Amino acid sequence: MASLLPQMVSASDVLRVLKYADLIPVIEKTLGDFSRGDGTVVQPVRTVIPVDQHQGYFLVKPGYHVAGDTMACKLLTLYPNNTDRPSHQASIVLFDSSNGSPLAVMDGASITDMRTAAASAAATKHLAKDSPHVHAILGTGHQAYSHFHALNHLYKFDQVCVWGRTPANVQKFAAETGATPCSTVEEAVKDADVITTVTMSRTPVLKKDWIKPGVHINAVGACRPDWQELDPELVLSSVVYVDSKEAAPKESGDIILSKAEVYAEVGEVILGKKEACKDKTTIFKSLGLAIEDVVSAKLVYDKLTSS
Ligand SMILES: NC(=O)c1ccc[n+]([C@@H]2O[C@H](COP(=O)([O-])OP(=O)(O)OC[C@H]3O[C@@H](n4cnc5c(N)ncnc54)[C@H](O)[C@@H]3O)[C@@H](O)[C@H]2O)c1
Ligand SMILES: O=C(O)[C@@H]1CCCCN1
């Protein structure tokens, strides 16, 4: 009998083997599988336990990709006030679905960074105008870096602009990536064709008047029903796509508080069931799907066990 002890997979193992060239197409296909609605993917809306006495959240995200016969569960903590460690920490347990044995316990933070950016890259590919020239990133944390790299994998931007609320972090991000540092959101987004919001803000940081009509926006932060990153006027004047039509009205303050209508899941566009309204301003409101973690963990496991 095979050992029942799961393999431990560190962040450096993940970063060594997980590459956007492999990950983006896998996540793109998985977003489509999720939206088939035919049982290809089994995934409840995640459980979120508020840890009020420490201003944190404990998230449990199980999923089973039936067609790929892969199952895993991500356990994630979101502690927005952490200063001596990351705000998001996670482990993913990958199981052998044929017999229920745990195969691996993986660092979930590095996978979360990359799979979230890969989902935004897939959405951008389908919803942004062809050949975007300028990408604006609002925020300078972990997701800012992963989105910089994932979108650069797809496009050769003329310019990437970055804004953050802490000027020293903007300068650091710019020095490390070659992005243009901006001192206001308005300056960062004014010429942008693609905008990515990756802040921990609970109130809107991006306004309608500041953007070029027809841009594509990846709205990645604001994962609580009372948190917002986008001005409601902007949401209401855009075509809104989500990862999950079931989760968005329960979890997304940008959608709940603006009372905006969701047009489609991005997976429905990938499947060709819904239109990509590229001539309009489009928003991909990302909340994160467990199934993205499942297929990413499997990709990491397959790479590690085949090398
Ligand atoms: N959709 C998804 O699948 C998904 C996955 C992971 C993280 N997220 C979300 O993406 C966002 C960024 O995550 P991260 O891992 O980069 O976090 P992080 O802690 O590494 O970075 C957070 C960034 O937000 C900035 N920030 C904090 N409060 C702010 C405010 N009031 N106004 C403007 N900026 C503010 C910080 O200075 C920092 O630049 C978070 O909201 C997180 O919950 C979404
Ligand atoms: O899908 C995820 O893993 C993240 C966790 C943090 C909040 C937003 N969604």
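Just so we're clear, the structure is a prediction, and the values are computed from it rather than from any experiment. Both counts, for ligands and for their atoms, begin at 1 and track the order of listing.
Here the protein heavy atom with the shortest distance to atom 13 (O) of ligand 1 is Gln143 CG, 3.5 Å. The closest protein non-hydrogen atom to atom 15 (O) of ligand 1 is His88 ND1, 3.5 Å. With hydrogens left out, the protein atom closest to atom 24 (O) of ligand 1 is Met200 N, 3.0 Å, a heavy atom. In this structure, atom 3 (O) of ligand 2 lies nearest to the protein heavy atom Lys74 NZ, 2.6 Å.
Not a single heavy atom of Ala109 sits closer than 4.0 Å to an atom of ligand 1. Between Arg115 and ligand 1 there is a heavy-atom distance shorter than 4.0 Å. At least one heavy atom of Thr112 sits closer than 4.0 Å to an atom of ligand 1.
Test Ile137, Val185, Val189 against Ile195 for side chain to side chain contact (heavy atoms under 4.5 Å, CB included) and you get one pass: Val189.
When non-hydrogen atoms are compared, ligand 1 lies under 4.0 Å from the side chain of Arg165 (C-beta onward) but not from its backbone. Contacts between Arg115 and ligand 2, counted as non-hydrogen atom pairs separated by less than 4.0 Å, involve the side chain only.
Which parts of ligand 2 touch Leu76 is read off a 4.0 Å heavy-atom cut-off, strictly below it: atoms 3 (O), 5 (C), 6 (C).
With atom 32 (N) of ligand 1 as the reference point, the heavy atom nearest to it among Ser201, Ala117, Ser87 is part of Ser201. The residue among Val198, Val205, Leu59 with a heavy atom at the shortest distance from atom 12 (C) of ligand 1 is Val198.
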